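Heads up: the structure comes next, in structure tokens.
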Amino acid sequence: MSGINDYKHFFPIDGIQKVCDLFEKQLRSDKEADLALFSIIVGAVENNLTNIKIGDKDVNLHSNNFVKMKFPCIEWDEVRSLHERFVNLMRTGVDAKLLSGAYATRDLVKKVADVVWNSLTRSYYKDRAHLQSIYSFLTGNKLDCFGVAFAVTAGCQVLGKQDVHLALSEDHAWVVFGQDGKETAEVTWHGKGNEDKRGRSVGDGVSARSWLYVAGKPVVCTRVMELAALVSSINTTLTQTVDVHEVAQMQHKLLWLLYDSGYLDAYPMALGNLADLDDYMKVPNITKENNTTSSTDDISNVQMDNTQRPDVAGLYAQAIKSAKTYYDDRHVYPYTLQGGYYHRQKMYKEAFHAWASAGDVIRHYNYSRDDEEIYKEFAEIANELIPQLMKAESSGHSARSILKDPECFASLLRFYDGICKWEEGSQTPILHIGWAKPLVSTISKFDAEVRAQVYIVCRPDSGEVLEHQEPDGEKKETTENGNELKSNNSENAEMTVREQLTAAVNSRPRVTLYSHKMAALKPLLLAERLNTHALQLQLTAQSQLQRPQVPTKRRDDEDQNACFPTARAKRARRER
């Protein structure tokens, strides 16, 4: 790509602003972004700042959330040399016969994926940080799942096939190609040794109701959105609890630059990552002993068009709105990210509502071993965060603030109902005793009079929801903070006139239970005295109820889907 010389004057890159200037030039250009070039530059900065032995740093990592590093000096000759290596690898590794025609073919996409795959080390890397860039590929022969898909997309671009684009679910990546991007192809793996899946269509995964493929509603990137995916995939971590300030600051500024240009509007995960960063970067000081000021001092609150940027809560709400607008509300992370934010702010009622909305989304899927990452997300919420906050709320002078609120109880029922519905029809149970004990303990903290105020409608046999429709004619409304409120037209149809009048007078919160497990628990949930033993027994009983028309997986497919690396930058469990 001879156009890379247009960026030579930005070198040496020795500060965050130069990286931002380079991106800004590209966003204002009418030329297509060179994915390999930008991935090499961003990867060089990230890897140089994070590839330092902990013992080499004069800092107490146990008392800091992030550390400051000296920004590396990225030279033009190094970047040009690496770029030429990537171009030569693609051009020499792919037979010219595969390049005929206006659009890429499945054989070409598979061959490019083979070239990338065969250049990697034989070791298996799962959830390892800082392996998502072409810089990592060229300097260490290592890539994670996202990195392989990005490298294949960049490789096809080098070969002149501009129809090949990146497709992203919440934890996987593949490519689309052909006229109007109608064709799909796996180019990376789901588990160890599954390279033989490269080149296959992703249709089987979609039809299998797998969360991995978000019901056929992935983020299909344009070329600029692929730059946004590159930025969103940046991993700022040095250890599990410590971030490198310069990497976080670079990612923060680049995401705002892309946001201001409108390239994150249809990218819920990037909006969520920006919100996380914006919240995290508002920590008052980085390290007081170094007399460093807040990292947000040089971040403006005004966009390029002089309109006000949204605050953190607004960004989370916008991520949810994006998922609803563009992806039929089939993405889970916008809700769990928002719930995590409300939890950190001690806005527990709002957190319960966000988590309940996440449960509403996950109930549309069948649980499988492909769901490892979202399983861990729900397990943390259900078995760590909720029990911790319930324990805090049930003691002390400020106790009972949420335990007397029936709406909080209704949200918890929605959350657990979503998990139970996710379990139904799946080959692997979810609610073992490790889930059941915290669930029962949480429910038991609500008094009988609070539980009795919730009107519960059970619809476990309502059937599957058609695409683009809400169950049973329900309509959705959205509050200012992006949370979803459901009208109760379908529920009212199930109520007698007396019940409707009573509910209207008392403003009783209503919740619809779609899982058989939770529906069967209704009498126990509303009983004056909870039978905790009976609750645990019913929750841990493996459901034999199967969803209608669930495709049967072949044994070899099940074995191949044992595990998979992540397609997004892992969010560190930030201890604040």
Side-chain angles (χ1 to χ4, degrees), residues 35-36 39 86 89-95 97-99 101 103-128 131-134 136-138 141-159 161 163-169 171-178 181-208 210 212-214 216 218 220-221 226 229 233 369-370 553-568:
L35 298 181
S39 185
F86 184 75
L89 178 66
M90 292 300 150
R91 290 179 177 171
T92 59
V94 177
D95 192 329
K97 295 179 181 178
L98 295 174
L99 301 178
Y103 301 105
T105 63
R106 190 170 301 277
D107 288 340
L108 172 61
V109 171
K110 185 179 186 304
K111 182 58 180 178
V112 174
D114 288 342
V115 170
V116 173
W117 182 274
N118 293 331
S119 301
L120 300 177
T121 61
R122 294 300 89 190
S123 300
Y124 178 65
Y125 297 95
K126 184 177 185 298
D127 297 349
R128 288 277 298 276
L131 302 183
Q132 79 283 5
S133 70
I134 293 176
S136 170
F137 173 62
L138 296 172
N141 301 109
K142 299 174 183 178
L143 284 174
D144 63 10
C145 173
F146 171 86
V148 172
F150 191 93
V152 170
T153 306
C156 290
Q157 183 190 32
V158 164
L159 297 172
K161 298 301 179 182
D163 57 304
V164 181
H165 288 285
L166 195 63
L168 301 170
S169 72
D171 204 46
H172 188 44
W174 59 93
V175 299
V176 299
F177 63 97
K182 293 180 179 179
E183 300 292 326
T184 63
E186 297 278 14
V187 293
T188 183
W189 64 91
H190 293 171
K192 195 171 185 179
N194 285 331
E195 59 269 27
D196 60 335
K197 281 204 164 188
R198 293 199 307 277
R200 294 187 191 178
S201 169
V202 304
D204 291 343
V206 173
S207 61
S210 169
L212 190 69
Y213 296 97
V214 289
V220 178
C221 297
E226 283 155 359
S233 72
R369 288 182 294 178
D370 281 343
K553 292 185 178 181
R554 299 194 307 267
R555 182 179 296 275
D556 56 345
D557 285 343
E558 196 66 43
D559 292 339
Q560 288 174 350
N561 286 330
C563 53
F564 57 91
T566 180
R568 70 181 182 109

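Just so we're clear, the structure is a prediction, and the values are computed from it rather than from any experiment.
The two residues Ala113 and Val152 make their nearest non-hydrogen contact at CA-CG2, 3.7 Å. The two residues Val175 and Val109 have their closest heavy-atom pair at CG2-CG1, 3.7 Å. The two residues Cys145 and Ala173 have their closest heavy-atom pair at SG-N, 4.2 Å. For Ala167 against Val176, the heavy-atom pair with the smallest separation is CB-CG1, 4.0 Å. Ile134 and Ser39 make their closest contact through N-OG, 2.9 Å (heavy atoms, listed as atom of the first residue, atom of the second, distance). For the residue pair Val202 and Thr184, the shortest heavy atom distance occurs at N-OG1, 3.2 Å.
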Going through the distances and angles, do Leu143 and Phe150 end up as a side chain to side chain contact (heavy atoms under 4.5 Å, CB included)? CA-CA 10 Å; Leu143 284 174; Phe150 191 93; over 6 Å; no

Applying side chain to side chain contact (heavy atoms under 4.5 Å, CB included) to Leu108 and Val164, what does each step give before you reach the verdict? CA-CA 10 Å; Leu108 172 61; Val164 181; over 6 Å; no

Do Arg128 and Asp144 pass the side chain to side chain contact (heavy atoms under 4.5 Å, CB included) test, and can you show the C-alpha distance, the side-chain angles, and the key distance before you say yes or no? CA-CA 7 Å; Arg128 288 277 298 276; Asp144 63 10; over 6 Å; no

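Here the side chain of Arg200 pairs no donor or acceptor atom with the backbone of Val187 at under 3.5 angstrom. Between the side chain of Ser169 and the backbone N or O of Val214, no donor-acceptor pair lies under 3.5 Å. Between the side chain of Asp163 and the backbone N or O of Phe177, no donor-acceptor pair lies under 3.5 Å. Without hydrogens or angle criteria, Thr188 side chain to Ala149 main chain gives no donor-acceptor distance under 3.5 Å. Remark: the backbone N or O of Gly178 is not paired with any side-chain donor or acceptor of Glu183 at under 3.5 angstrom. Side-chain atoms of Glu226 do not come within 3.5 Å of backbone N or O of Leu35 as any donor-acceptor pair.
Atoms NZ and CG, from Lys161 and Leu98 in turn, are 9.5 Å apart once rounded to the nearest 0.5 Å. One finds the OG atom of Ser201 at 10.0 Å from the CH2 atom of Trp174 (value rounded to the nearest 0.5 Å).
A salt bridge links Asp114 and Arg198; the closest N-O separation between the charged side-chain nitrogens and carboxylate oxygens is under 4.0 Å.
For the pair His172 and Glu186, the minimum side-chain heavy-atom distance is below 4.5 Å. Between Leu168 and Pro218, every side-chain heavy-atom pair lies at or beyond the 4.5 Å cut-off. Looking at Arg91 and Leu159, their side chains come closer than 4.5 Å, going by heavy atoms from C-beta outward.
The aromatic rings of Phe86 and Phe137 sit perpendicular, their planes meeting at an angle over 60°, well past the 30° parallel limit.
The side chain to side chain contact (heavy atoms under 4.5 Å, CB included) search around Ser136 returns Leu131, Ser133, Lys142, not counting sequence neighbours.
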